[in-house]
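For reference, the structure discussed in these notes is given below.
Computed over heavy atoms, backbone and side chain alike; hydrogens, waters and symmetry mates excluded.
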Amino acid sequence: MKLNKAFFPKKYRQLFRPFCFLLVLLVFCSHDLYLKMETYLLQPNQQATLRHYNATYEKRENIITRDRMLDASFVALGKRAAIESNAWQDQDSTISQLSFNTGEAGTYVAGVSTKARNIELTADKFNDYLKHDGVLDMLKAREENNMLDQDAVESYQKHVKAIYQVGDIKTDDWKTILGYPIEFVPEINPYEKYSGETLTVKLLLDGKPLPNQLVYADYIPTSHTHEHSDHEHHHDEDGHSHEHGEKGHAHDHDGNTHSHGEETHHHHDDSEATEGHTHTSGQQLRTNSQGLVLVKLPEDGIYYLRTIHMVSIPDNEALTHESKWATLTFEVTHAHGDDTHTHDHHDHEDGFPTWVFVLGSVLIIGLLFILFRKKN
Amino acid sequence: MIKFKYNRQTLLLFLLLIPFVGLAHDVTSADQEILRTGGLWAYIRVGATHMLTGYDHLLFLAGVIFYLNSFKDILKFITVFTIGHCITLIGATYTGITADEHLVDAVIALSVLYKGFENLGGFEKLNIKSPNLLVMVGLFGLIHGFGLSTRLQSFDMGEGQFLAKILCFNLGVEVGQVLALIPITFIITLARKQEQFPAFYKAVNWYLVLAGIALFVYQLYGYFTGH
């Protein structure tokens, strides 16, 4: 006898969730605002922590100050409740957090929307940022119009959502449109989707579907049983294209590796953020004419969708560009349970077809009966 | 001639019911979904389904009933079997004790083999005194319960209401057992009245022996190859 092996992976995963969370922060969030939880699968009436993280993009931002929040709210059981500004507590210079009680079971939404803010960037820095944050359409437009040498004054605003599951009951709150200037809205409850499946998500700009918009989707595996070689980020000379396979997760930056599966993470340079570490990893998608993207969910993990919609402001003395950022986070689990991939019983069944057993049994009993009847 | 016809009908009925037995354990991924979303009722349902489609449990029960003649005996032996599997199902699941499913199922396969062997008078033929059947049924009840426990523990049971979930699964197992016993008892009782019952008795019990061996080998193969 041995201890329940099904329990080990779960405990194992719980142990490593904080590390995953750290990885999430380090890898995916240097420039973006995300709503974070250690897990998005919660139990009813438990205390949970929601964090919004806003790293120092070009060293220009710290925590989102309360007065910058246009909206912070939860949507649960059909009701939208504003989060009071004094409920947030600053964890450090980049993370604010909020403790809350999950309440009744359901699929709920948390959202934060910030006011617009301006930033001035030199042409090089602006180009670098467009490249590494995946605002490729704008970069291409600058190239085509010979504007790569022009400095920029950008107005940016961020609108972020997280969808989390409390208990087992699924509610319709997940599809609530918060009315942000830009936001992702899934077409199907993400918690009715499982690893190996796909999820269709709509991108809305000012409430209308936004076609032909680049969207990036990636995830941090939560199973920790994957092979790295299947899920790698390759950085070319230009730096920063990423390719993902089915499983695993590894980065290689000029010989330096992020190896998520082993809970290690090595940056080649602490100043990476200022050098424009790319945030276009994972699936590079583009919305169709209905503003929809099909996101693959290859394995258990915390999934992140991000997009930056940027337009030029040609006739404005104060601004050259305006951008609206959106992120969506949620968690995906295995269809057979989120804590184990050792479903021996499936193998058992797969390897021993029912029809073989039925046919064999019928034949054997029938033959034996005939045999013994004759013998008698 | 008429009796033979009835006997053939009994055999046919028995064979027709085998597909239900043959559904054996085809309940996993769907079950996980049910457990994930269905609350405590889901555990009752999955427990019942597992028992109704678990060929090893049903074959053993069929073997036990074949050996017994009166309803009182059936009730007594089934009660002992039920107490046995309740102890290990609840106890092992609650304490998180489990073992490799293949090994547990291999032992359960041996219980099927044992029952067929005993019903065929194997101990007498070997001039060995057969163990007390009630004790053996109780012992095998413990083993079957442990098998049910390992299966239950292979599912993600979530958090909260842990004991309630186990008890509900156990309740489902009992419901499934009663539902399975009704046709088994009916068929065997009907068969007893037939002239060809001895041939039927031998055929089924030899089948139990062969099925027990096959399942045992199959589970060991699974254990050693990891399938």
Please round to the nearest 0.5 Å and tell me the distance separating atom [atom1] of [X] and atom [atom2] of [Y].
X      : Y      : atom1 : atom2 : result
B:L59  : A:S361 : CG    : OG    : 7.0 Å
B:K202 : A:R373 : NZ    : CZ    : 14.0 Å
A:F372 : B:Y201 : CZ    : OH    : 12.0 Å

Worksheet item: Sequence neighbours excluded, which residues qualify as side chain to side chain contact (heavy atoms under 4.5 Å, CB included) partners of A:T102?
Response: A:L42, A:Q46, A:A48, A:F100, A:V166
Worksheet entry | Residues that A:N45 engages under side chain to side chain contact (heavy atoms under 4.5 Å, CB included), provided they are two or more places apart | A:N101
Fill in: B:F200 and A:F369 aromatic ring geometry - parallel, tilted or perpendicular at 30°/60° bounds
perpendicular
Worksheet, complete the sentence: What one should report as the nearest heavy-atom pair of B:Y207 and A:L368 is N-CD1, 3.7 Å
Response to the item:
Smallest heavy-atom separation, A:I365 atom then B:A203 atom, equals O-CB, 3.8 Å
Discussion item. Taking CD in A:E187 as the centre, count heavy atoms belonging to other residues, nucleotides or ligands within less than 6.0 Å. Is the count above 12?
Written reply: yes
Response to the item:
When the 4.5 angstrom heavy-atom criterion is applied to B:L103 and chain A, the contacting part is neither
